[in-house]
Structures are given as C-alpha cells and as structure tokens.
Number of protein chains: 2
Amino acid sequence: MKNDSLSQKNTTRPTHHLPHLTRNQQAVLAVLRQQSDALSAQELYGVLREQQAIGLATVYRALETLKLQGLVQSRSGTNGEALHSPIEQDRHYLTCLHCGQSFLLDHCPVHDLAVQVHLSVPFKIYYHTLEFFGLCEPCTHQRS
Amino acid sequence: MKNDSLSQKNTTRPTHHLPHLTRNQQAVLAVLRQQSDALSAQELYGVLREQQAIGLATVYRALETLKLQGLVQSRSGTNGEALHSPIEQDRHYLTCLHCGQSFLLDHCPVHDLAVQVHLSVPFKIYYHTLEFFGLCEPCTHQRS
DNA sequence: GGTATTATGAGAATGATTATCATTCGCTTA
DNA sequence: TAAGCGAATGATAATCATTCTCATAATACC
C-alpha cells in the first residue's frame, strides 16, 4: 500500500523562515524524500554513503536540525531505533500491532482541524502526525 | 496543560481479547496510567523499584507485550530513548519544536474519523495517535 | 586575504535495548 | 498436596543506537 504517486507540491516548506541548510543537511532531506518508507539513522547513513562521503554523527546532527525546522518527523520503530521521514508529504500511517508493518494513508483526515486547535490554545502549529494502530488483513488471520 | 481530570472510563480495554496480563505487566501498566507524562523505560523501572522487586529486562518485555496488546504507545523522545504512555486515555499532544515540551490535548478531534478509514481499507483499527508540532507561546518569542 | 564561526568526521563514550540462561512462578493434572 | 510443564523473571552480558570530543575543513563575514 505504498503511495508512490504522491508528488511534492511545495518545496519551499515551513511557514517560519528556514535558517539555511548545509549541503549535508539537504542531502539527508533529499534521501528521506526519495524513500517511500521511514528510515532509521543507520539506514539513512548507508544510503548516503553510496552517494557521497559523510559521517554518521553528521547524519544524526542533520536529523536533529531538520526536526527542529519542522522538516522531518521521527517515531520509534520496533527495534529500539527511531524512524525518520519527511513531513512535507503529510504522511499518516496505519500500523499493524502484530507485524509492525506500516501502510501509508493517501489522504489526511485531520488537515483542517489544526486550525481549530490553534485557536483554542497559545500554540503555533506547523504540522501534525497521525497514526492508526491495529491489525492488517493478513495478521487478522494468522495470529500467534 | 496537564489534564489530570481525565478518568479511566474503560478498564476492560481492547476490543480484541486480551490474553492475560502478568502481575508485572499489570504493574507497569498501572504506573503508566498514574503518570501524567510519558515515561522512558528507565524512568518506569525507577518508579517500579520503589514499589516492588522487578528487573529492567522485565520492564522492557512488559512494554513490548503491552504495545502488542494495544494498551501502550511509544514515541521517540529527544534524548534517543522511547517514551511510553497508556493509550486508553486517548492522549494527543501539542509538541514544541524548540523546547521539546509536550502539552496534552483534552479533546481528540479525530475520534470519529477512524470509522471512515476503517471502511476504506482492510485494516482493523484499535487506536490512533495524533501529535501537533510547532512553537509554544514562550518559544515563539525567545528563539535562539 | 584574514579571521571568526560553524559544520564535519573519526572514533570514543555513553546509554538504551536486547539476548542469554539459570531459576522461579503459575497452573494443570494426578 | 505433589509432580510436571511452559511461561515469566532477573541478573548480567552483549549489542547497537545515539551522543560526545576534538582536531580539521568549510563557510561567512569583514
């Protein structure tokens, strides 16, 4: 249920000014945008090394910066690592409790609600994440 | 913005049968339900040790079990650890990109949408998470 | 160009998470 | 109640993700 047809509508992303991304930070972001699945820092590192010289620490630092910019989001994977994905594509997931597999939602059901929330509390919202958990079709049957 | 007034409406939680929780697993769940903030495994371990004898590995195993049951959710914290919280209270957050602080939403704006999503894909939804990211009031001013 | 500032990389250090394995617990059955 | 069995537990080691350190390189600013 990968949604490969999603296009990047808006490259000049965050509504707040972005301070300047270094070459490496841009490279990290670019890789994340190419992938259809969320990547761990180590996986990201592996992909990047095929393209250019880069240090693992730099990858982590880039992720930290990008998260602070609101350009990348992270969630905890099933093996104790964090999984990272770009947020400009408004990715929302269905995640199976049994096999851990994630499926992309092609539409965000919350999109407009953010406005209302914004009005009720002193908080400037830049983006949101939504994740549904349950059982995917195969796991509904063959459960351990 | 802690929401301490939330009460547990439903102790017999997941719609799918729950296989049986051990004493330790129940203890872990109980502590999480008492806390107003999400806890790391280590913090959880610290709190539990004040009440009873328990091993760190058991805490991790209990968390894994509880997550599989749909009773606990995890998200990645700012220090490379995972933060765990009970899901029966339907916790949804506003998280500040600058200071990392999380604020509880007292109302879930998505609650009914799950039904629609369920109908459109072969996936049985048990719960969902929603998180908004942006800047909290203080951080809107004093930004580095 | 010259200097200050920031980013980078390699590797060490830290710390979270998982695996191992012997022991204990909980439950069933005789 | 006793014996037996499978799952749970705890201590500890092992693993691996993440962060820190520091010397160097790149970049910005004058």
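Just so it is clear: chains get the letters A, B, ... in the order the sequence lines come, proteins before strands, and each one is counted from 1.
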Once rounded to the nearest 0.5 Å, what's the spacing between atom [atom1] of [X] and atom [atom2] of [Y]?
X       : Y        : atom1 : atom2 : result
B:Arg75 : B:Thr129 : CZ    : OG1   : 9.5 Å
A:His84 : A:Lys67  : NE2   : NZ    : 6.0 Å
A:Glu64 : A:Gln25  : CD    : CD    : 10.5 Å

With a 4.0 Å limit, can you tell me whether A:Asn24 has a side-chain N or O closer than that to the phosphate oxygens OP1/OP2 of D:dA26? no
Any side-chain N or O of B:Thr58 under 4.0 Å from OP1/OP2 of D:dA8? no
Side chains of B:Thr95 and B:Glu131: any donor to acceptor distance under 3.5 Å?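 Checked: B:Glu131/B:Thr95 side chains pair up, N/O donor to acceptor below 3.5 Å.
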Residue that, paired with B:Leu39, satisfies side chain to side chain contact (heavy atoms under 4.5 Å, CB included) out of B:Val31, B:Val28, B:Leu63: B:Val31
Between D:dA7 (P) and B:Gln25 (CD): distance, integer Å: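 After rounding, the reported distance stands at 13 Å.
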Once you round it to whole Å, what is the distance between P of D:dT18 and CG of A:Leu44?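 About 11 Å, once rounded to whole Å.
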Measure from the ring center of B:Phe133 to the ring center of A:Tyr127 and say whether it is less than 6.0 Å.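 Aromatic pair counts; centres sit under 6.0 Å.
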Do A:Val47 and A:Leu29 sit in one hydrophobic cluster, given that two such residues count as connected whenever their side-chain heavy atoms are within less than 4.5 Å of each other, even indirectly? yes
Note down the inter-axis angle between the two ends of the helix from C:dG1-D:dC30 to C:dA30-D:dT1, five pairs each, to the nearest 10°. 40°
Non-hydrogen atoms of A:Asn24 and A:Gln52 that approach each other most closely: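 The pair with the smallest heavy-atom distance is OD1-OE1, 3.0 Å.
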What does the B/S/- profile of nucleotides 10-25 of chain C look like, 5' to 3', with a 4.0 Å heavy-atom cutoff to protein? BB----SBBBB-----
